[in-house]
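For ligands, and for the atoms within them, numbers begin at 1 and follow the listed sequence. Heavy atoms only: backbone and side chains are in, while hydrogens, waters and symmetry mates are out.
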Amino acid sequence: MVSIEKNNIFGNVSLEELMDATYTASTNFQVRAFFEAKDEILKTSKYSEKEFFEILDAMIDAETERKIVLEKLQGRDPLFLSEIADKITLFPPENVIRDVIYLMAQGYVEEHIEVKTKMVTKKIKGEEKQVEVKEYFYRYQAKELPDDFIEYYLEPVSIVFDAGVCCQCGWCSAICPVNAIMVDADNLEIDAESCMKCGLCFSVCPRSFSIDQATKAIKKLDKELNWSDNIGAYFNTYTGSTTNEDIVKVRQDGGVVTTIAEYLLKNKLVDAVIAVQHSEDLWKPEPVIIDDVKNLYKTGGTKYANSPSLKIIDQAKKYDNVAFVGVPCMMKALEKGALYPSGLPFFKNIKYRIGLFCMESFPYEQIINLTKEQFSKDIKELTKMNIGGGKFIINLKSGEQIDVPLKEVQKYARDSCHFCEDLTSDYADISVGSIGSQDGWSSVITRSKAADKLYNDIVKAGLIESKSLKEVKPGQFLVEKIGGTKRNKCKPINLKEIQNGN
Ligand SMILES: Cc1cc2nc3c(=O)[nH]c(=O)nc-3n(C[C@H](O)[C@H](O)[C@H](O)COP(=O)(O)OP(=O)(O)OC[C@H]3O[C@@H](n4cnc5c(N)ncnc54)[C@H](O)[C@@H]3O)c2cc1C
Ligand code: SF4
Ligand code: SF4
Ligand code: SF4
């Protein structure tokens with residue numbers, strides 16, 4: 001049940017208000033659709049009866065909480081998320097913040113964006129120059145609604161796919177309670193017969209409505225974290241390299257990801273790791289659940305084609321604790337699934353999110369074309385692909401290494417990656433990439449105190465050699481710079497405008 005604290009600045013909640021909110025919550029389309037489809041949901045065996053009621057209960061609680069937050073916002077001037085969280089002390093601040101963003105998706109709240117310009121001093125080619133920069137301020141206000149207002153119906157995610165912005169992460173397919181969504185690396189289909197229009201897939205999809213302002217405000221509540229507009233919230237940054245010679249043979253950069261995964265499995269901190277290996281078609285990624293350390297090394301190295309890894313998460317339900325390795329859009333999907341619709345993570349066994357840096361990924365067919373057209377090579381001749389120093393580099397079985405400028409291969413990348421603002425997996429527990437580090441090393445960003453302790457335990461165990469990322473060249477400076485470039489180049493997503501062809 002929703003619990004109410006006293007003495008809040010926006011007034012307390014009366015029993016009548018609570019009853020009204022609970023009634024409105026129980027009439028919410030998402031809650032109703034979920035409840036009414038109970039038999040169909042249980043038939044799929046995706047969620048047990050106990051889990052079904054836990055999710056339902058959490059959905060009603062979250063919806064009740066949102067309706068109370070909305071009530072408290074009525075008639076007020078536009079406010080920053082942090083101000084709203086300060087004033088509505090009925091619920092934890094992070095709940096209030098996530099609620100305001102969801103209320104916006106439901107059509108009750110509007111966002112006011114104010115843009116200001118200011119001059120800052122920047123070093124350009126060694127010379128200090130005054131440069132104009134824009135600052136954005138986001139405030140939120142309850143809308144004045146007509147009497148006949150009906151809250152926005154959250155559509156199934158086919159609208160995300162049809163708009164060309166789906167990143168094929170596979171999360172919706174894992175979440176859908178009636179298994180109506182089929183996702184692969186290039187396609188998404190919804191079985192209209194079984195879809196019960198609960199909108200759950202839309203509420204957790206990383207490409208439906210934005211959570212950037214909510215998560216920024218929530219992360220800033222944690223005073224132990226550092227904040228960067230370009231790489232998000234972080235505890236510390238490092239450059240690391242594995243000391244395990246077997247991992248060196250299969251790694252992409254510093255072998256940090258495989259070393260962390262091995263440590264988690266060997267120390268029974270997790271029962272399984274979800275990662276990516278080559279499928280029967282070499283360089284075509286295949287998501288896998290690894291529960292035996294001896295199979296882990298097959299996952300080492302980067303496959304630049306995209307892999308809808310989140311779709312297999314429900315197959316890992318039998319494990320109590322799981323680590324998930326993936327690219328930034330998948331980390332965002334997991335974060336959104338933890339915030340919405342109810343703040344109850346659907347798969348509570350995901351204990352560690354290991355996020356990779358990612359500038360773009362490619363359709364598998366385009367990886368084949370790229371190899372043929374840019375290097376005149378067959379994909380089977382390749383032992384490694386890499387991006388570094390502004391080049392796309394391939395290594396061949398013959399021992400030869402060839403590269404082309406990165407700009408020559410960007411035309412092969414997936415269109416939907418142009419809507420991605422995150423380079424460094426802002427929503428991971430630990431992020432790992434090559435930018436910023438020397439060859440054979442990985443840049444590592446720990447994003448919580450617990451994640452930092454885990455990384456340093458691995459270093460202390462002698463499994464990773466590690467230094468501060470601020471002390472090496474090009475180091476954190478370059479990660480932040482390229483992170484900023486990706487954010488600035490990112491195309492905005494406005495599903496309604498895209499659908500209308502604007
Ligand atoms: C599509 C893609 C694009 C990338 N782009 C950049 C970039 O622009 N800049 C940058 O600094 N770093 C980028 N990276 C990250 C980088 O290539 C390395 O993965 C990272 O530095 C970790 O190296 P490592 O030696 O520690 O990993 P390893 O120990 O070699 O482990 C690699 C891990 O990556 C996972 N993996 C491999 N392919 C995929 C895939 N397609 N999807 C999900 N997981 C996968 C494997 O399961 C494995 O767990 C990218 C990664 C991917 C997958
Ligand atoms: S959840 Fe992922 S796969 Fe599903 S529609 Fe959204 S972006 Fe696409
Ligand atoms: S496809 Fe989406 S809207 Fe339809 S049942 Fe599945 S989760 Fe619900
Ligand atoms: S660029 Fe973004 S959308 Fe594309 S694969 Fe990487 S994280 Fe996903």
Under-4.0 Å salt bridge between Arg66 and Glu151: no
Cys417 near atom 6 (Fe) of ligand 4 via N/O/S, less than 2.8 Å: no
Shortest protein contact, atom 4 (Fe) of ligand 2 (heavy atom only): Cys172 SG, 2.3 Å
Parallel, tilted or perpendicular: ring planes of Phe392 versus Phe362, cut at 30 and 60 degrees: perpendicular
Where ligand 3 meets Ile181 - atom numbers and elements under 4.0 angstrom, heavy-atom basis: 1 (S)
Side chain, backbone, both or neither: the part of Val157 lying under 4.0 Å from ligand 3 by heavy atom: neither
Residue Val178 vicinity, atoms of ligand 3 by number, heavy atom under 4.0 Å: 5 (S)
Distance filter under 4.0 Å to Leu188 heavy atoms, resulting ligand 2 atoms: 4 (Fe), 5 (S)
Ligand 4 atoms in contact with Glu360 (distance to a heavy atom under 4.0 Å): 1 (S)
Where ligand 4 meets Met359 - atom numbers and elements under 4.0 angstrom, heavy-atom basis: 1 (S)
Check ion pair Glu286-Lys303 (N to O, under 4.0 angstrom): no
Heavy atoms of other groups near Lys317 NZ, more than 12 under 6.0 Å: yes
Under 3.5 Å: donor-acceptor pair, side chain of Glu360, backbone of His418: no
Ring-face cation of Lys219 near Tyr234 (centre distance under 6.0 Å, axis angle within 45°): no
Residue and atom name of the nearest protein heavy atom (relative to atom 2 (Fe) of ligand 2), distance in Å to one decimal: Cys169 SG, 2.4 Å
Subset of ligand 4 atoms that lie under 4.0 Å from at least one heavy atom of Pro328: 7 (S)
contact_flag Glu421 ligand 4 heavy-atom lt 4.0 Å: no
Expected output: side-chain Glu381 to main-chain Asp378 donor-acceptor under 3.5 Å: yes
Lys/Arg N to Asp/Glu carboxylate O, Lys38 vs Glu49, below 4.0 Å: yes
From the candidates Ser361, Ser416, Ser425, the one that places a heavy atom nearest atom 5 (S) of ligand 4: Ser361
Heteroatom N/O/S of Cys195 within less than 2.8 Å of atom 4 (Fe) of ligand 3: yes
Short side-chain donor-acceptor distance under 3.5 Å, Ser443 and Ser437: yes
Arg207 neighbourhood, listing ligand 4 atoms whose heavy-atom distance to it stays under 4.0 Å: 3 (S)
Atom 3 (S) of ligand 2 [closest protein heavy-atom partner, distance rounded to 0.1 Å]: Gly170 N, 3.3 Å
Under 3.5 Å side-chain donor-acceptor pair for Asp281 and Tyr364: no
Protein contact to atom 6 (Fe) of ligand 2 [nearest heavy atom, distance to 0.1 Å]: Cys205 SG, 2.3 Å
Tyr304: which of Asn386, Val409, Leu370 passes side-chain contact (heavy atoms from CB on, under 4.5 Å): Asn386
Location of contacts on Leu310 toward ligand 2, heavy atoms closer than 4.0 Å: neither
Whether Cys167 lies under 4.0 Å from ligand 2, heavy atom: yes
Closest protein heavy atom to atom 8 (Fe) of ligand 4, given as residue, atom name and distance to 0.1 Å: Cys329 SG, 2.4 Å
Tyr102 and Phe209 aromatic ring geometry - parallel, tilted or perpendicular at 30°/60° bounds: perpendicular
Heteroatom test (N, O or S) for Cys166 near atom 6 (Fe) of ligand 2, limit 2.8 Å: no
Proximal candidate to atom 1 (S) of ligand 4 [heavy atom criterion; set Met331, Arg414, His418, Lys486]: Lys486
NZ/NE/NH1/NH2 to OD/OE distance under 4.0 Å, Lys197 and Glu36: no
Numbering as shown, the atoms of ligand 3 that approach Met196 to under 4.0 Å (heavy-atom distance): 4 (Fe), 5 (S)
